[in-house]
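Okay, so here's the structure we're looking at.
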Amino acid sequence: MGKSREIKGRMKAVGNIRRITRTMQMIATSKFARAQQASVSSKPYTEGLFDLVGKLANAAEGLDHPLLAGGETQGTDKPELTLILTSNRGLCGPYNGNVLKRAIGHLRSNELARDGRVELVGKKGLTVLKFSQVEVAQFHEHFGDSPVYADVEQLAREYVDAFISGEVSAVRVVYMRYISAGRQVPEVLQLLPFSAEDLDAGEASGDSASSESAYRESTPEFSPEPGALLDELLPAAVKAVLFQAFNDAVVSEHVARMVAMKAATDNAAKMGKTLKRKYNRARQAQITTELNEIVSGAAALG
């Protein structure tokens with residue numbers, strides 16, 4: 001009797017867990033739909049801005065712009081600034097682990113990054129970085145599931161000022177890049193300085209050499225001069241790229257949580273069926289034992 005009662009208690013606990021994980025899966029699915037729309041809708045603007053800045057950079061060959069040429073830190077051994085984007089909440093599968101693994105690998109392989117300034121977004125990265133003996137210079141706790149452009153813009157402006165003044169030689173962002181619902185890749189994005197080659201190719205265009213040649217030949221004339229336009233467009237491009245990284249990180253987190261909670265729900269359902277079979281067998285064995293006792297007692301009296 002004790003064994004069947006214990007199994008029945010486990011069945012109830014597994015059922016409660018299944019309801020919780022199912023609810024979390026539905027919530028993550030709803031948040032993923034909104035985050036995906038925000039991420040996808042901002043990409044055309046970011047890519048268009050990259051395209052325009054790339055044309056300006058080609059038209060202004062020989063222009064020594066601080067954000068393109070590296071400012072006062074070009075060719076120096078100034079430390080780098082690394083921003084790591086993790087989540088505030090757990091239960092999102094390997095999401096945080098993959099991002100932090102990529103970040104720690106980058107820090108260990110890059111001396112300037114290892115000796116430089118490390119900033120973090122998301123509470124889940126604090127313990128891992130502390131265990132890995134990585135000192136977090138600043139923790140940005142005001143970014144949540146829905147990053148606001150004004151907050152990201154302020155952060156990007158601080159990075160631009162630090163880069164131009166020569167405090168850091170580069171600014172890199174470690175985040176989970178969203179490609180599709182079935183594929184997210186941890187990536188180290190060089191935010192500053194902007195590379196002319198990257199600008200030519202766009203954010204993820206994958207153009208061939210022939211199309212790149214045609215692209216260069218079709219560079220239009222600009223008014224005012226490309227240098228003046230770059231002064232306005234390059235900071236805007238930095239802000240747009242950083243905001244896109246935040247959006248990609250958020251939508252990737254929701255995808256990972258949705259998949260993890262679906263797997264947990266399916267596993268709870270399978271465990272519930274297994275426990276149900278065990279309970280039926282234990283109950284059947286108990287009934288058989290009771291019948292044997294009754295028959296044995298009747299035979300002893302008769």
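A pairwise comparison of heavy atoms in Leu49 and Ala237 identifies CD2-CA, 3.3 Å as the closest pair. The two atoms that bring Ser252 and Tyr178 nearest to each other are OG-CB, 3.5 Å, heavy atoms only. Here the closest non-hydrogen pair linking Ala240 and Tyr45 is CB-CE2, 3.7 Å. Ala103 and Ile84 get closest at one heavy-atom pair: CB-CD1, 3.6 Å. Pairing each heavy atom of Gly122 with each of Thr86, the nearest pair is O-OG1, 3.1 Å. Lys124 approaches Asn88 most closely through the heavy-atom pair CE-O, 3.9 Å.
With Val134 as reference, Leu129 is the one residue of Leu129, Thr82, Leu120 to meet the side chain to side chain contact (heavy atoms under 4.5 Å, CB included) rule.
Between Glu167 and Lys78 there is no salt bridge, since none of the side-chain N atoms of the basic residue sits less than 4.0 Å from a carboxylate O of the acidic one. Salt-bridge annotation for Asp161 and Arg157: absent, with no side-chain N of the basic residue lying under 4.0 Å from a carboxylate O of the acidic one.
Side-chain atoms of Tyr95 and Gln184 include no donor-acceptor pair closer than 3.5 Å.
Side chains of Leu85 and Val99 form no contact here, defined as non-hydrogen atoms less than 4.5 Å apart. Using a 4.5 Å heavy-atom cutoff, the side chains of Arg257 and Arg89 are in contact. Under the 4.5 Å side-chain criterion, counting only non-hydrogen atoms from C-beta, Pro186 is not in contact with Lys101. Taking the side chain as every heavy atom from C-beta outward, Lys43 and Asp248 approach each other to under 4.5 Å. In this structure, Gln244 and Ser39 have side chains that are in contact, with non-hydrogen atoms separated by less than 4.5 Å. Using a 4.5 Å heavy-atom threshold, the side chains of Glu187 and Met176 count as separate. The closest side-chain heavy-atom distance from Val118 to Leu107 is below 4.5 Å. Contact of the Val148 side chain with the Asp151 side chain is registered, since non-hydrogen atoms from C-beta on lie closer than 4.5 Å.
Put simply, the side chain of Ser41 gets close to the backbone of Ala38: a donor and an acceptor are under 3.5 Å apart. Using modelled atom types, no side-chain atom of Gln154 and backbone atom of Ala150 make a donor-acceptor pair closer than 3.5 Å. For the pair Asn280 (side chain) and Lys276 (backbone), a donor-acceptor distance under 3.5 Å is present. Formation of a donor-acceptor pair under 3.5 Å by the Asn96 side chain with backbone atoms of Ser87 is found in this model. Of the possible donor and acceptor atoms, none in the side chain of Ser30 sits under 3.5 Å from a partner among the backbone N and O of Ile27. For Arg18 (side chain) and Ala268 (main-chain N/O), no donor-acceptor pair under 3.5 Å exists by modelled atom type.
When the shell of 6.0 Å around CD of Glu158 is examined, it contains more than 12 heavy atoms from other residues, nucleotides or ligands. Counted within 6.0 Å of CD on Gln37, heavy atoms from surrounding residues, nucleotides or ligands total 12 or fewer; the atom is thus considered open. Counting heavy atoms of neighbouring residues, nucleotides and ligands inside a 6.0 Å radius, atom CD of Glu290 exceeds 12 of them. In Met271, the CE atom is not crowded: 12 or fewer heavy atoms of neighbouring residues, nucleotides or ligands sit closer than 6.0 Å.
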message: Before you tell me yes or no, could you show the steps for Asp266 and Lys270 under salt bridge (charged side-chain N to carboxylate O under 4.0 Å, His left out), namely the whole-Å CA-CA distance, both residues' side-chain angles and the distance that decides it to 0.1 Å?
response: CA-CA 6 Å; Asp266 295 341; Lys270 293 179 182 178; over 6 Å; no
- prompt: Lys130 and Leu126: side-chain contact (heavy atoms from CB on, under 4.5 Å), yes or no, with the steps?
  reply: CA-CA 6 Å; Lys130 183 179 179 181; Leu126 287 173; over 6 Å; no
- request: Start with the C-alpha gap between Ser4 and Gln286, add the side-chain angles, then the distance that decides, and say whether side-chain contact (heavy atoms from CB on, under 4.5 Å) holds.
  value: CA-CA 9 Å; Ser4 61; Gln286 181 182 353; 3.6 Å; yes
message: Working note: Tyr159 + Glu119, criterion side-chain hydrogen bond (donor to acceptor under 3.5 Å, both in side chains); need CA distance, chi angles, decisive distance, verdict.
response: CA-CA 11 Å; Tyr159 290 163; Glu119 298 186 3; 2.6 Å; yes
- request: Assess whether side-chain contact (heavy atoms from CB on, under 4.5 Å) is satisfied between Val241 and Leu191, documenting all intermediate values.
  value: CA-CA 8 Å; Val241 171; Leu191 188 65; 3.9 Å; yes
Test side-chain contact (heavy atoms from CB on, under 4.5 Å) applied to Leu234 and Val238, step by step: CA-CA 6 Å; Leu234 273 174; Val238 172; 5.6 Å; no
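Distance check: Glu253 CD to Met258 CE gives 12.5 Å after rounding to the nearest 0.5 Å. Atom CG of Asn110 is separated from atom CG of Asp115 by 9.0 Å, given to the nearest 0.5 angstrom.
The aromatic rings of Phe246 and Phe143 lie tilted to each other, with the angle between the two planes from 30° to 60°.
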